[in-house]
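None of the values given here were measured: they were computed from a predicted structure. No hydrogens, no waters, no symmetry mates; every other heavy atom, side chains included, goes into these values.
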Amino acid sequence: EPGVQVADSDYRYRPLRNLVGWLTILFYAMAFLGTLMVIGNVALVTIVPRSATENAALADALSAIAMGVVALAVLIYLVCFIVTVPVFSKFTYRANANARALGAENMEHSPGWSVGWYFIPIANLFKPFQATKEIYIASSAHDAEDWKSMAVPGYFGWWWATWVIGNIVGRFESRMAMRDDPTSEFLSVCAGIASGVLLVAASLLALNVVRAIAGRQTVKAQQLLSGH
């Protein structure tokens, strides 16, 4: 995509349309796979135990199917996630640079650090969210000086909360799965359900965040190019 100079800045505005398209596919895929994981885990704690009291062979078959569905969904989810990381990183970097190109001044987070914070332990629990909020509010103000007084929609907070909590619960699930006792196995499955629900929500909310940022930048670029 060719760059467009729309403001007196060291950065050039570049449309986010293609990146949003790829992220739409990836986030929907992860939401679908997360749903499959939830369904499989729910079956393991509801349908399978009930069947075991009536037909042990049927219970074993259902358990194998449910575990297979969960394992396959987890594998494909991880592949999607690995692909999503560089695409989302590129989106975040470009969106930050675009906000500057569109006239935002005195931004706290640079394009590089708006991505880099995701990979810094402890800081990655809150700094990426701050950087994303900054990109959003800096992308829509008409006056380059007043953008910091703006707020973000409530779903931004829900996106970050579901992402962080979902990952914490997912780590607990993995630890329980490594233990070989009935209680740990049950806790692992329950944690898998909770983690799956949270990560499905996080994927769909992340897509809303991405679209909101891209939409604001598109409108701002059009306004500046038309002289409004």
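- In this structure, C80 and A29 approach most closely via the heavy-atom pair SG-CB, 4.1 Å.
- For the pair F91 and V20, the tightest heavy-atom approach, listed with the atom from each and the gap, is CE1-CG2, 3.9 Å.
- Here CG of L78 is found 11.0 Å from OG1 of T84. Values are rounded to the nearest 0.5 Å.
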Could you walk me through whether W163 and L199 pass side-chain contact (heavy atoms from CB on, under 4.5 Å), step by step? CA-CA 6 Å; W163 168 249; L199 293 179; 4.0 Å; yes
Show the numbers, then the answer: is there a side-chain contact (heavy atoms from CB on, under 4.5 Å) between L19 and V87? CA-CA 7 Å; L19 290 173; V87 180; 4.2 Å; yes
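- Heavy-atom neighbours of Y118 OH from other residues, nucleotides or ligands within 6.0 Å: above the threshold of 12.
- A212 approaches Y155 most closely through the heavy-atom pair CB-OH, 3.2 Å.
- Of the inter-residue distances, the one linking C190 atom SG with E173 atom CD reads 10.5 Å to the nearest 0.5 angstrom.
- Looking only at distances, no side-chain donor or acceptor of R175 sits under 3.5 Å from a matching main-chain atom of S188.
- Taking the side chain as every heavy atom from C-beta outward, S63 and L44 approach each other to under 4.5 Å.
- Ring planes of W159 and F156: perpendicular class, angle over 60° (limits at 30 and 60°).
- Within the 4.5 Å cutoff, side-chain heavy atoms of D180 are placed close to those of E185.
- Linking Ile, Leu, Val, Met, Phe, Trp and Tyr whenever their side-chain heavy atoms come within less than 4.5 Å leaves V169 and W158 in two separate clusters.
- Under the 4.5 Å side-chain heavy-atom criterion for ILVMFWY residues, a single connected hydrophobic cluster contains both I213 and F129.
- Here the options are K220, R216, R100, Q217, the test is side chain to side chain donor-acceptor pair (under 3.5 Å), and the partner is S139; only Q217 passes.
- V115 pairs in a side chain to side chain contact (heavy atoms under 4.5 Å, CB included) with only one of the listed residues (V85, T92, N96), which is T92.
- Nearest heavy-atom pair, L16 versus A214, reported as atom, atom and distance to 0.1 Å: CD1-CA, 3.9 Å.
- With rounding to the nearest 0.5 Å, the separation of CG in L36 from CG in N41 is 11.0 Å.
- Residues L72 and Y77 fall within the same hydrophobic cluster, defined by Ile, Leu, Val, Met, Phe, Trp and Tyr side chains chained together at heavy-atom separations under 4.5 Å.
- Dense packing is recorded around CG of D181, with more than 12 heavy atoms of other residues, nucleotides or ligands lying under 6.0 Å away.
- Listed for the E134 side chain is a donor-acceptor partner under 3.5 Å among the backbone atoms of H109.
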Please step through side-chain contact (heavy atoms from CB on, under 4.5 Å) for the pair N124 and W117, ending with a clear verdict. CA-CA 5 Å; N124 61 8; W117 285 123; 5.9 Å; no
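- Between the CZ atom of R14 and the OH atom of Y93 there is a distance of 10.5 Å, given to the nearest 0.5 Å.
- For the atom pair CG of L102 and CZ of R12, the computed distance is 12.5 Å after rounding to the nearest 0.5 Å.
- The side-chain heavy atoms of I120 and W113, taken from C-beta on, include a pair separated by under 4.5 Å.
- Between A151 and Y136, the closest heavy-atom pair is O-CE2, 3.9 Å.
- Contact check for T24 versus R211: side-chain heavy atoms found under the 4.5 Å cut-off.
- Heavy-atom minimum distance, I193 versus V38: O-CG2, 3.8 Å.
- Here the straight-line distance linking atom NZ of K133 with atom CH2 of W160 works out to 12.0 Å at 0.5 Å rounding.
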When you look at F88 and F27, which way does the side-chain contact (heavy atoms from CB on, under 4.5 Å) test go after all the steps? CA-CA 10 Å; F88 186 76; F27 282 134; 4.1 Å; yes
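- Transitive grouping of hydrophobic side chains (ILVMFWY, heavy atoms separated by less than 4.5 Å) brings Y28 and M37 into a common cluster.
- Partner of V189 under the side chain to side chain contact (heavy atoms under 4.5 Å, CB included) criterion, out of V45, V42, V70: V45 alone.
- Ion pairing between a basic and an acidic side chain is recognised when a charged N comes within 4.0 Å of a carboxylate O; K127 and E108 show such pairing.
- Placement of V164 and V200 within a single hydrophobic cluster is found when ILVMFWY residues are connected by side-chain heavy-atom separations under 4.5 Å, directly or transitively.
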